[in-house]
Amino acid sequence: MMPAARESLLDAAYAALARRPWSAVRMVDVAATAGVSRQTLYNEFGSKEGLARALVRREADGYLVGVDRALTTHGDARERLTATAEWTTASARENALVRAMLTGCWSERLPSPTLSAVPSSSAVPAQRRADGALPSPGDFVALVRDRAVSVLSGPGVYKSDVPELARSCELAVRLALSCVAAPPGEGGVGDLVRSALHRQPV
């Protein structure tokens with residue numbers, strides 16, 4: 001199957017989810033919106049659960065691409081971590097699946113795929129089926145922290161400073177997640193992260 005058709009199916013599923021609960025989303029409608037047959041949809045994803053897993057995986061990957069972008073913005077380490085925290089809260093506000101993945105709170109409107117890896121007999125390649133484990137909120141904290149440490153521990157950072165840098169990165173991520181769960185008032189997540197990191201060796 002062409003990657004463009006796969007993206008069209010995932011786009012159609014995402015759009016359907018914005019209009020109705022996942023339990024009411026019909027595979028035949030997703031296929032029709034994407035302009036492919038229902039059989040093509042089943043060939044690609046195997047089942048509605050397979051489609052849900054692939055959709056969640058795509059949104060997770062999109063969030064992490066944004067994290068990488070935020071971490072390579074201009075400015076010092078504090079500004080990069082602040083940009084990452086702001087991206088995290090903005091993503092969660094705009095995308096219900098990202099919010100659910102980051103908080104672990106899956107509403108009844110959303111698909112709630114099993115986070116653990118699932119066995120499959122499908123002939124479709126595993127990376128396309130998204131059979132592997134899906135990230136939990138704790139996994140996201142580690143993923144974002146480790147990405148931040150990797151980017152920020154470049155030339156000029158002593159190896160002995162890396163554990164402290166990792167703590168600062170994790171603090172920024174956890175602050176962002178707390179702001180997803182309980183949005184901050186005036187100044188937003190940026191001010192919170194900046195003031196918290198002001199006392200941290202970043």
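Just so you know, these numbers use all the heavy atoms, side chains as well, and skip hydrogens, waters and symmetry mates.
Remark: Arg147 CZ is packed, more than 12 non-hydrogen atoms of other residues, nucleotides or ligands lying under 6.0 Å away.
Applying the side chain to side chain contact (heavy atoms under 4.5 Å, CB included) criterion to Ala96, with sequence neighbours excluded, gives Leu110. In this view, Asp61 satisfies the salt bridge (Lys or Arg N to Asp or Glu O under 4.0 Å) rule with no residue, not counting sequence neighbours. With sequence neighbours excluded, no residue forms a salt bridge (Lys or Arg N to Asp or Glu O under 4.0 Å) with Arg20. Applying the side chain to side chain contact (heavy atoms under 4.5 Å, CB included) criterion to Leu192, with sequence neighbours excluded, gives Cys179, Pro184. Take Arg26 and apply the side-chain hydrogen bond (donor to acceptor under 3.5 Å, both in side chains) test, not counting sequence neighbours, and it matches Asp29. Residues satisfying the side chain to side chain contact (heavy atoms under 4.5 Å, CB included) test with Ser37, not counting sequence neighbours, are Gln39, Thr40. Checked against salt bridge (Lys or Arg N to Asp or Glu O under 4.0 Å), Asp139 has no partners two or more places apart in sequence or in another chain. Under the side-chain hydrogen bond (donor to acceptor under 3.5 Å, both in side chains) criterion, Asp191 pairs with no residue at all, not counting sequence neighbours. With sequence neighbours excluded, the residues forming a side chain to side chain contact (heavy atoms under 4.5 Å, CB included) with Val65 are Arg69, listed by chain and number. Applying the side-chain hydrogen bond (donor to acceptor under 3.5 Å, both in side chains) criterion to Asp76, with sequence neighbours excluded, gives no partner residue.
The salt bridge (Lys or Arg N to Asp or Glu O under 4.0 Å) pairs that include a residue from residues 104-116 number zero, where partners must be two or more places apart or lie in different chains. Here salt bridge (Lys or Arg N to Asp or Glu O under 4.0 Å) pairs that include residues 80-105, with residues two or more places apart or in two chains, number zero.
In this structure, Ala52 and Trp22 approach most closely via the heavy-atom pair CB-CZ2, 3.7 Å. Looking at every heavy atom in both residues, Ala54 comes nearest to Arg6 through CB-NH2, 3.7 Å. Across every non-hydrogen atom of Ala196 and Leu175, the tightest pair is CB-CD1, 3.5 Å. Of all the heavy atoms in Gly104 and Pro137, the pair that sits closest is N-CG, 3.4 Å. Pro21 and Leu17 get closest at one heavy-atom pair: C-CD1, 4.5 Å. Taking every heavy atom of both residues into account, Val189 and Ala176 meet most closely at CG2-CA, 4.1 Å.
Distance check, rounded to the nearest 0.5 Å: CD of Glu79 to OG1 of Thr82 gives 5.0 Å. Distance check, rounded to the nearest 0.5 Å: CZ of Phe45 to CG of Leu10 gives 4.0 Å. Distance check, rounded to the nearest 0.5 Å: CG of Leu97 to OG of Ser91 gives 12.0 Å. Between the OG atom in Ser47 and the CZ atom in Arg53 there is a gap of 9.5 Å [rounded to 0.5 Å]. In this structure, CZ in Arg58 is found 8.5 Å from OH in Tyr14, a value given to the nearest 0.5 Å. One finds the CZ atom of Arg174 at 13.0 Å from the OG1 atom of Thr88 (value rounded to the nearest 0.5 Å).
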Q: Could you please spell out the steps behind the side-chain contact (heavy atoms from CB on, under 4.5 Å) verdict for Val162 and Val149?
A: CA-CA 7 Å; Val162 170; Val149 169; 3.9 Å; yes

Q: Could you give me the CA-CA distance, side-chain angles and deciding distance for Cys169 and Leu152, then say whether side-chain contact (heavy atoms from CB on, under 4.5 Å) is met?
A: CA-CA 9 Å; Cys169 293; Leu152 301 177; 4.1 Å; yes

Q: Check step by step if side-chain contact (heavy atoms from CB on, under 4.5 Å) holds for Leu171 and Val193.
A: CA-CA 8 Å; Leu171 174 65; Val193 171; over 6 Å; no

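A salt bridge does not link Arg167 with Glu170: none of the charged nitrogens is closer than 4.0 Å to a carboxylate oxygen.
Note on ring orientation: taking the six-membered ring where Trp is involved, the planes of Tyr63 and Phe140 are perpendicular (angle over 60°, cut-offs 30° and 60°).
No path of Ile, Leu, Val, Met, Phe, Trp and Tyr side chains, each step under 4.5 Å between heavy atoms, connects Val180 with Leu64, placing them in separate hydrophobic clusters.
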